[in-house]
Amino acid sequence: MTKPNISARTSVLLAAFLALSASVASSTVPTVVPLPAGVTVRAVDGGPQYYGKFPNALPATPNYFPVGIWFESVLDPTDVPLDRAAGINLYVELTADSNVQYIRDAGSYAIPSWTSPLASGFLLSDESDMWAGPGSASWTGNYPGAGTVCAPAESKCGFTVQGTLLNKAPANTMIYANYGKGVTFWESATEAGQFVNTYQQVVSADNYWFTDPNICAPTEGGVMLATPRALTDSECRKASNYGWTVERTRAFVSPKGNVPVWAFVELGHPFTEASAPTITAPEIRAAVWSSIIHGARGIMYFNHSFGGSCISQHVLRDACGAAIRATVTAVNQQIAELAPVLNSPFVDGVATAGGNIDTAVKAYNGSFYIIAGSTQTGAQSVALNLKCGGGTSVTVLGENRSLAMANGSFTDTFADGNAVHIYRVEGGNACGVSGKSPAPTGGVIAGAD
């Protein structure tokens with residue numbers, strides 16, 4: 001299958017040129033506002049219209065942000081409304097007896113590993129980088145637990161697995177694949193890059209930092225350090241590490257920003273070991289927003305509990321999800337409300353923070369939105385400064401409070417490592433960033449809304 005010829009930079013430049021041309025044609029010539037040193041405007045990976053390139057596409061409209069659930073069953077028309085009530089708008093992988101018509105009738109979308117004329121994509125094998133490895137040996141057709149995977153038995157055939165499955169995909173369909181610790185921890189940049197760039201048009205990797213009993217080891221999470229070693233709990237069990245996984249995956253995408261990268265967050269107790277942690281509601285919220293801060297263009301929830309006090313294949317639907325359902329629903333509702341913001345350009349380098357937080361600044365409808373997540377376990381007070389803030393106050397979205405802003409700066413508190421605040425700067429921004437597209441000359445076209 002031929003990969004789509006995508007250039008986010010080309011689409012951005014074209015959009016800016018068209019905006020400029022339209023203004024000239026109406027005799028309203030916009031000015032170009034130079035950005036402060038170190039500040040750049042960056043489109044979302046793949047560009048805002050990316051999904052619209054494919055048949056039966058996911059919506060390419062600004063108000064759609066993929067929030068999916070992994071390996072569900074849809075056997076009854078009431079299943080989808082139940083999931084939609086929790087904010088789910090996409091099913092990634094389905095049981096073979098699921099009815100995709102029910103999904104589409106309810107206004108949701110599906111990407112299964114089997115063909116359907118109603119599907120919005122095709123899923124390749126999950127985590128083939130781990131169970132088959134980075135190599136082009138023959139694949140027996142077996143999956144783990146069904147017998148020898150590669151031939152010869154000691155060889156690696158993950159590239160063959162993905163290529164074989166790709167050849168079975170419907171023509172021109174959007175291909176999605178998820179990878180794991182092979183891409184993020186174990187493989188060379190060349191090997192990981194082949195997985196990430198060769199077989200699919202949307203990619204993700206799953207590292208379950210809050211619940212995986214092995215992920216703190218020096219050969220896994222420890223590789224994020226210059227000198228790998230076992231991570232302490234305070235270093236390992238952190239929401240900000242979910243953002244690291246997104247950045248790690250994005251780093252292998254070539255050209256940079258060429259395709260959307262999605263993120264995985266677990267909902268229950270996905271490991272059988274009783275000693276493994278169970279994720280909490282605040283941890284889920286923080287992991288989701290950390291992923292988005294670092295560029296994730298979709299969130300996928302792992303919806304199964306294989307251990308702990310409640311075993312379930314449907315965490316959000318079953319009693320097992322009672323402790324987290326309200327938080328997950330609230331997070332997904334906020335994502336839906338902010339979808340036009342999340343699909344708008346990043347303004348990199350405009351914000352600096354006097355504390356341990358990760359930030360993403362978005363320009364939308366003439367205003368700045370700042371998503372900020374703590375990266376330390378303890379409480380902290382953080383001053384944020386915008387190089388061209390321009391606002392007079394800051395609204396903290398979803399928290400029913402506001403903060404004073406003076407000379408582009410404001411201060412807020414972060415209670416712990418799961419603290420996330422989303423700010424809207426009231427009164428516009430002195431950068432003149434419209435939120436539509438970067439300008440072609442390093443500045444921003446003002447007045448092009």
**Request:** Have a look at Y242 and tell me which of Y208, F264, F210 forms a ring-ring contact (aromatic ring centres under 6.0 Å, His included) with it.
**Result:** F210
**Item:** Side-chain H-bond candidate by donor/acceptor type, Y301 with N332, under 3.5 Å
**Value:** yes
**Prompt:** Are T375 and D358 close enough that a side-chain donor and a side-chain acceptor fall under 3.5 Å?
**Reply:** no
Let me confirm one number: the [atom1]-[atom2] distance from [X] to [Y], rounded to the nearest 0.5 Å.
{"X": "T327", "Y": "L267", "atom1": "OG1", "atom2": "CG", "answer": "11.0 Å"}
{"X": "D212", "Y": "E220", "atom1": "CG", "atom2": "CD", "answer": "6.0 Å"}
{"X": "L82", "Y": "I88", "atom1": "CG", "atom2": "CD1", "answer": "10.5 Å"}

Does a side-chain heavy-atom distance below 4.5 Å link [X] with [Y]?
{"X": "I299", "Y": "V331", "answer": "no"}
{"X": "F185", "Y": "N207", "answer": "yes"}
{"X": "L35", "Y": "C431", "answer": "yes"}
{"X": "S108", "Y": "R84", "answer": "yes"}

Give a yes or no answer on whether the side chain of [X] reaches the backbone of [Y] with a donor-acceptor pair at less than 3.5 Å.
{"X": "H314", "Y": "L316", "result": "no"}
{"X": "S344", "Y": "V341", "result": "yes"}
{"X": "T184", "Y": "T245", "result": "no"}
{"X": "T160", "Y": "A137", "result": "yes"}
{"X": "W289", "Y": "N418", "result": "no"}

**Message:** Could you tell me if K362 sits above the aromatic ring of F368, with its cationic atom closer than 6.0 Å to the ring centre and no more than 45 degrees from the axis?
**Reply:** no
**Message:** Is it the case that atom CG in D97 sees more than 12 heavy atoms from other parts of the structure closer than 6.0 Å?
**Reply:** yes
**Atom NZ of K156: over 12 foreign heavy atoms under 6.0 Å** = no
**Request:** Name the orientation class of the two ring planes belonging to Y64 and Y109 (parallel below 30°, tilted from 30 to 60°, perpendicular beyond 60°).
**Result:** perpendicular
**Item:** H421 and Y423 aromatic ring geometry - parallel, tilted or perpendicular at 30°/60° bounds
**Value:** tilted
**Request:** With sequence neighbours excluded, give me every ring pair (Phe, Tyr, Trp, His ring centres under 6.0 Å) pair touching residues 150-180.
**Result:** F159-F195, Y176-W262, Y179-F195
**Request:** List the steps and the verdict of side-chain contact (heavy atoms from CB on, under 4.5 Å) for E93 and D126.
**Result:** CA-CA 10 Å; E93 187 60 305; D126 180 44; over 6 Å; no
**Request:** For residues A132 and C150, report the shortest heavy-atom separation together with the two atoms involved.
**Result:** O-SG, 3.8 Å
